[in-house]
Amino acid sequence: MKKAINVTMPSSAEGMSRVDGRLKVTGAAKYSAEYTMPGLTYGVLVGSTITKGHILTIDTKAAGRAPGVLAVVTHLNSPKVPGDQPEKGKPVPDKGALKVFYDNKIYYNGQPIAVVVADTFERALYAASLVKAQYKAEKHITNLPDNRDKGFAPRGEGVYKRGAADAWQSAPFKVEQEYIVPTVTHNPMELHAIIARWDADDKLTVWDKTQGVNDTRDDLARLFKIPAANVLVHSQFVGGAFGSALRTWPHEVAAVLAAKVVSKPVKVVLSRADMFTSVGYRPFTWQKIGIGATADGKLTGITHEAAGQTSSYENFTEGPVGVSQNMYACPNVNTKYNLVSLDIATPTWMRGPGEATGAFALESALDELSYAVNIDPLELRIKNYAEVEPSSGKPFSTKFLKEAYQLGADHIGWGDRKQVPRSVKQDGWYVGYGMGSGMFGAYRSGATVRAKMMADGTLILQTAVSDIGPGTGTAMTIIAAEQMNIPADKIRFELGDSSLPPAPTQGGSATVASVGPAVVKACTDLKEKFQKLIGNGGEDHPDYAKVLKEHNLPSLEVTSSSDGGNGMEKYAMNSWSVHFVKVLVNAATGVVKIDKVACVSDCGKVISPKTARSQVIGGAIGGIGMALMEESIIDHRYGRYINNNFADYHVPVNADIPQIDALFINKPDPIINVMGAKGMAEIALIGMAAAVANAVYNACGKRVRDLPITPDKVMG
Amino acid sequence: MKQFQYVRPATIQAALDVISKPGSKIIAGGTNLVDLMKRGVTAPDKIVDINHLPLKGISEPIGNVMTVSIGALALNSEVAENSRIKELFPLLSMALNAGASPQLRNMATVGGNMMQRTRCGYFYDTTMPCNKRQPGTGCGAMEGVNRMHAIFGASDQCIAVHPSDMCVALAALDATVEVAGKKGKRYIHFADFHRLPGEKPQIDNNLAPDELIVRVIIPTNNFSRNSYYLKIRDRQSYAFALVSVAAALEIDNGIIKNARLAMGGVAHKPWRLFEAEQFLVGKTASEENFAKAAGLAMKGAVGHGGNSFKLKLAPATITEALKHAAGLV
Amino acid sequence: MKSDKPTPETTDVKDSSRRDFLKQSTLLTAVAVTPVVAIKAANDHMDEHLAAVFEKMPLKMEVNGKTVNLSVEPRSTLLDILREQLDLTGTKKGCDHGQCGACTVHVDGHRINSCLTLGIMMSGKKITTIEGLAKGDQLHPMQEAFIKHDGFQCGYCTPGQIMSAVSCIREGHAGSEHEIREYMSGNVCRCGAYPNIVNAILEVKDGGFAV
Ligand SMILES: Cc1cc2nc3c(=O)[nH]c(=O)nc-3n(C[C@H](O)[C@H](O)[C@H](O)COP(=O)(O)OP(=O)(O)OC[C@H]3O[C@@H](n4cnc5c(N)ncnc54)[C@H](O)[C@@H]3O)c2cc1C
Ligand code: FES
Ligand code: FES
């Protein structure tokens with residue numbers, strides 16, 4: 001008998017609407033490139049056309065003479081970035097972030113070699129096309145599969161083992177396969193943009209697309225050796241990022257340099273082509289999994305190897321093999337993670353970093369194993385359910401993944417699934433069902449919030465967090481409204497400004513979990529302050545405006561902080577997800593259509609049902625893109641991307657996406673924070689690609705192990 | 001983008017005068033030209049805006065004139081939505097709607113669509129070799145990333161494909177193109193309008209540089225009940241074809257009386273499948289016959305690695321399109 | 001912050017050579033009226049150099065119900081004119097190549113991609129951008145529906161989606177979910193708000209609101 005589970009499945013109209021919705025639907029929301037100011041000029045980057053080597057000469061004469069041009073900045077004439085210069089007496093680190101216009105070295109194709117500044121965008125763009133460089137090219141490598149032998153274990157990562165190594169090999173049922181996740185590019189809709197303005201020799205203001213205004217401030221302060229207090233970073237609206245705005249990139253430094261040269265504010269907006277080379281990507285990763293089980297489906301061993309690409313000048317690491325260590329209760333697990341340095345730009349975290357890559361391999365391998373054992377893939381997962389964290393033995397703070405499995409299975413109609421591929425047809429298309437599961441650490445860090453009650457009863461909350469789209473302001477408003485017992489429209493949440501009280505960078509699905517407690521704390525402290533004002537016997541939620549008036553106060557404010565919590569010491573804390581997908585496959589032409597999707601998230605308490613639902617759907621669509629169409633392709637002969645535009649790099653469009661059901665377990669995690677809320681952004685994507693691949697196999701019997709699953713790989 | 005002179009002639013004659021000067025380019029919807037100018041693939045000195053010329057109309061078949069004429073400036077969306085076109089040539093309407101996006105179809109014109117250039121990545125990237133963009137530099141795609149490229153009629157100079165959907169339908173529908181030049185009008189059969197790359201891949205078609213497309217003329221036919229345009233692409237919409245097929249059948253009592261087939265995404269021009277068409281005439285409309293026709297259509301096809309899957313995908317798509325056209329699915 | 005951009009009414013005349021050019025460029029516009037002669041005149045008077053350097057032409061169009069008189073380079077796209085010269089930044093740039101739909105506006109009531117539209121070709125046209133959709137404080141029903149159904153996350157594709165959604169209904173392409181999806185496929189949303197966008201359009205369509 002199945003237990004009845006309480007379903008939380010909001011409709012698109014349910015729950016409080018976004019607090020910034022009106023600004024967004026009227027075009028009034030201002031993104032970084034959209035500020036005007038006296039003397040604004042335009043910077044356009046020129047990218048290298050070789051992949052490795054150095055610049056011999058760079059001819060900027062024609063560009064410099066072109067109408068409207070104010071400056072052409074290159075490594076030859078750029079002001080020095082103080083923070084990039086070697087420090088006396090300290091060894092020069094052999095690796096580090098790319099130093100823009102530092103010298104004549106070229107590390108990847110498209111590396112900025114100049115920025116042209118002019119009075120209009122059109123003139124800057126044209127002049128940029130006139131900059132001509134001569135290079136001395138060296139032999140480059142950009143292809144991971146051909147260079148896997150050059151892999152090395154990054155510091156602090158590398159190998160992991162519990163139980164016996166390669167135990168899967170002696171299992172009665174086993175699968176060993178290789179999986180490829182190609183380079184996938186974040187490609188948020190908003191092009192990365194920055195306006196940089198020097199207000200004095202040591203005072204800088206930037207309007208910048210960033211997921212963390214404090215990080216950007218600190219980076220710029222360090223690089224230009226000015227006090228952090230003198231750097232102001234605005235990033236009120238961010239048009240998506242998915243990880244691409246988690247660090248400070250060369251174009252940002254280039255804009256700041258250019259602004260110094262022309263002594264005017266400079267706006268630099270990347271082109272869509274630049275978005276492939278300038279702001280990171282999910283690294284191409286080769287993986288191999290060996291997995292074995294007994295006849296009744298008990299896992300005996302998992303071996304998971306991965307090699308991911310990085311640049312020649314930086315080691316970027318993520319954790320693709322981590323899922324194999326902790327997703328299932330398996331006695332013998334060994335993993336190995338290598339990096340391969342290539343002549344490409346440094347990758348960066350992208351939604352579900354590492355885990356999304358690893359889960360594609362692990363969840364595909366599990367599916368393959370289920371056919372080998374001939375057991376329902378869902379049952380196989382339940383059989384190997386981890387009740388405690390396998391790698392540490394720690395209890396989970398909460399884990400309701402089993403409930404999630406059942407919910408999702410019921411919802412998609414898992415019962416209609418046939419174990420044998422090519423068994424079910426609908427209107428001439430093969431029908432297939434697949435599932436994939438995901439996990440991601442539930443993180444939390446410290447944050448500070450200022451809460452200010454105004455005379456008219458408006459509550460202003462301020463913190464330096466960013467909102468790249470999930471609806472941070474909305475969730476925080478909901479929390480504060482409940483705490484203060486005032487209507488949400490009486491609350492103004494201010495964010496995206498480095499002069500506000502500090503908050504963590506928006507990443508790792510940790511914003512609500514981190515800033516939420518600070519909002520709760522600030523509200524509690526503010527109420528207490530009111531209580532003090534009223535004296536004994538005051539009610540818990542007084543009429544704040546009235547109290548202020550009685551005491552003749554214009555406002556009352558507190559600034560409160562929350563810490564990172566210490567739950568991690570005793571508990572393993574994660575968010576969990578499972579995705580169920582029904583696909584239709586035309587076996588002749590290889591076309592795959594997503595027919596139905598149910599995603600179940602176990603991410604603690606849901607604070608804002610409307611935006612939570614959107615976030616889960618968005619993650620699922622990201623996963624569908626990764627599964628079916630996304631791939632940044634390099635012509636390795638030239639080391640240059642060949643599909644670096646939105647016509648050739650496909651992301652899902654509306655026609656690709658059916659209604660997606662987002663279900664929530666919605667049980668609070670009492671350990672993580674007072675609200676019981678954990679992150680949901682990453683788990684919304686992790687496991688999705690495998691769910692699609694598994695469904696395609698179930699439909700037509702084609703197992704695609706190298707993403708994306710385009711028609712050519714499925715047909716025939 | 002380089003600066004250019006913008007002119008807006010008021011008559012066709014005036015337009016012909018300007019376009020005969022080297023360095024000038026016609027602009028219609030601008031969806032291809034402006035894109036290419038932004039990429040630096042083309043850099044005209046003079047842009048000739050022809051949008052004020054009287055080339056928009058879609059005519060009805062009148063009396064014994066059994067043709068429909070579509071002006072070069074008729075928008076892709078206007079043609080696709082036109083009720084007479086939908087009724088007489090549903091194939092054309094379907095093909096147009098399979099192309100680009102609603103916004104682009106509201107800008108793109110019939111003439112511009114015919115003249116649009118290849119979407120080959122090497123053609124678009126001015127740092128790469130491309131014989132079409134810059135003769136003599138080599139073909140980047142030949143041994144490069146050529147998933148989208150030609151399997152028919154390519155030369156060792158170029159394996160680009162013509163990206164249009166509309167043109168595939170027009171080729172199948174035996175349209176004729178009326179062009180105006182300084183010496184007057186001339187007519188080009190649609191199948192002869194675009195050309196194969198041969199030794200001169202920089203030339204896409206047989207329109208002379210000083211000529212203007214005036215209209216496209218389509219003879220009426222009996223295919224309207226059994227037409228289908230099937231486009232296989234990497235996502236469900238807003239993507240160029242891996243392979244597309246325009247299939248039109250005239251079926252009488254289960255027997256095929258007449259057939260038209262053309263393919264997109266496989267050659268430097270819309271690829272008519274004459275042999276397969278002939279084979280189908282007199283045959284029953286069955287999947288088996290369709291598959292045989294598809295087999296015949298593949299004669300001479302050559303893969304180049306990345307696009308070799310099209311050798312299998314193309315016949316599968318032909319069969320599938322014919323099944324749809326015949327109402328078998 | 002005060003903008004020092006030329007307001008729509010003022011023509012940007014910074015130096016005399018440009019003023020001279022403006023005189024010349026009236027010749028160019030005259031091409032529309034007296035083609036052959038004027039083209040010859042243009043060709044004779046304007047050597048390559050001048051044409052490449054001096055650039056601006058007068059442009060008069062209607063934007064959100066207001067007539068604007070500008071002086072633009074022929075190479076400026078409608079999108080850049082809206083965003084950089086008219087400070088109408090609601091219309092977004094997502095690709096600049098017709099590949100994403102973020103720049104969707106209405107020209108004479110029809111949706112188009114403003115990034116592939118030369119501004120100079122808009123002379124005499126009526127442009128509606130997202131800023132011109134609401135009636136004062138009263139939002140357009142499609143804007144309301146987008147808020148209600150959360151038809152966005154980051155909001156960057158949203159103006160384009162809404163302009164497209166209005167057209168989708170006006171064109172008669174909102175007959176079914178399937179049809180809406182197809183006819184909204186010219187607007188990429190990387191945040192993945194598609195199902196919510198479909199729901200918003202259905203609500204407006206089924207609610208019988210005037211769009
Ligand atoms: C992102 C994107 C996706 C697309 N997807 C598709 C697709 O899936 N399928 C498809 O078929 N197309 C697709 N297109 C291409 C689109 O259909 C063409 O760009 C469009 O049809 C060109 O028409 P236009 O009027 O805008 O031409 P313009 O850009 O104005 O002109 C193109 C060329 O034609 C010449 N020209 C125009 N009119 C005439 C005339 N009357 N006589 C002589 N020469 C003339 C011009 O000089 C120019 O060289 C896509 C385009 C984009 C940007
Ligand atoms: S910016 Fe115009 S379509 Fe992307
Ligand atoms: S809402 Fe972010 S791209 Fe659509």
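Quick caveat: nothing in here was measured; it's all calculated off a predicted structure. Quick note: numbers below take in every heavy atom, side chains included, and nothing from hydrogens, waters or symmetry partners. Below, chains carry the letters A, B, ... as their sequence lines are ordered, and counting in each starts from 1.
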Problem - Lys125(C) atom NZ, neighbour heavy-atom count above 12 within 6.0 Å - result: no

Handout entry: Most chain B-contacting option - heavy-atom pairs closer than 4.5 Å, from Ser167(C), Gly98(C), Gly172(C)
Key = Gly98(C)

Completion exercise
Honestly, the part of Asn32(B) sitting under 4.5 Å from a heavy atom of chain C is neither

Handout entry: Lys21(B) and Asp210(B) ion-paired at < 4.0 Å
Key = no

Exercise for the section: Check each atom of Ser114(C) against the heavy atoms of chain B and say whether the ones under 4.5 Å are side chain, backbone, both or neither. Expected result: neither

Handout entry: Sidechain N-carboxylate O distance under 4.0 Å for Glu78(B), Arg105(B)
Key = no

Handout entry: Exercise: identify the closest heavy-atom pair between Ser164(B) and Val168(B)
Key = O-CG2, 3.3 Å

Completion exercise
Whatever's closer than 4.5 Å to a heavy atom in chain C on Asp35(B) counts as both

Exercise for the section: Select one option (side chain, backbone, both, neither) describing which atoms of Cys115(C) are under 4.5 Å from chain B's heavy atoms. Expected result: both

Problem - Lys/Arg-Asp/Glu bridge criterion (N-O < 4.0 Å) met for Lys93(C), Asp80(C) - result: yes

Problem - Ion pair check, Arg39(B) and Asp125(B), cut-off under 4.0 Å - result: no

Handout entry: When Met163(C), His110(C), His173(C) are compared by non-hydrogen pairs under 4.5 Å with chain B, the top option
Key = His173(C)

Handout entry: Choice from Thr31(B), Leu33(B), Ile47(B) maximising heavy atom contacts with chain C below 4.5 Å
Key = Thr31(B)

Exercise for the section: Measure distances from Cys100(C) to the heavy atoms of chain B and classify the residue's part below 4.5 Å as side chain, backbone, both or neither. Expected result: backbone

Exercise for the section: Would you mind checking which part of Gln236(B) comes under 4.5 Å of any heavy atom in chain C, side chain (CB onward), backbone (N, CA, C, O), both or neither? Expected result: backbone

Handout entry: Check ion pair Arg147(B)-Asp234(B) (N to O, under 4.0 angstrom)
Key = yes

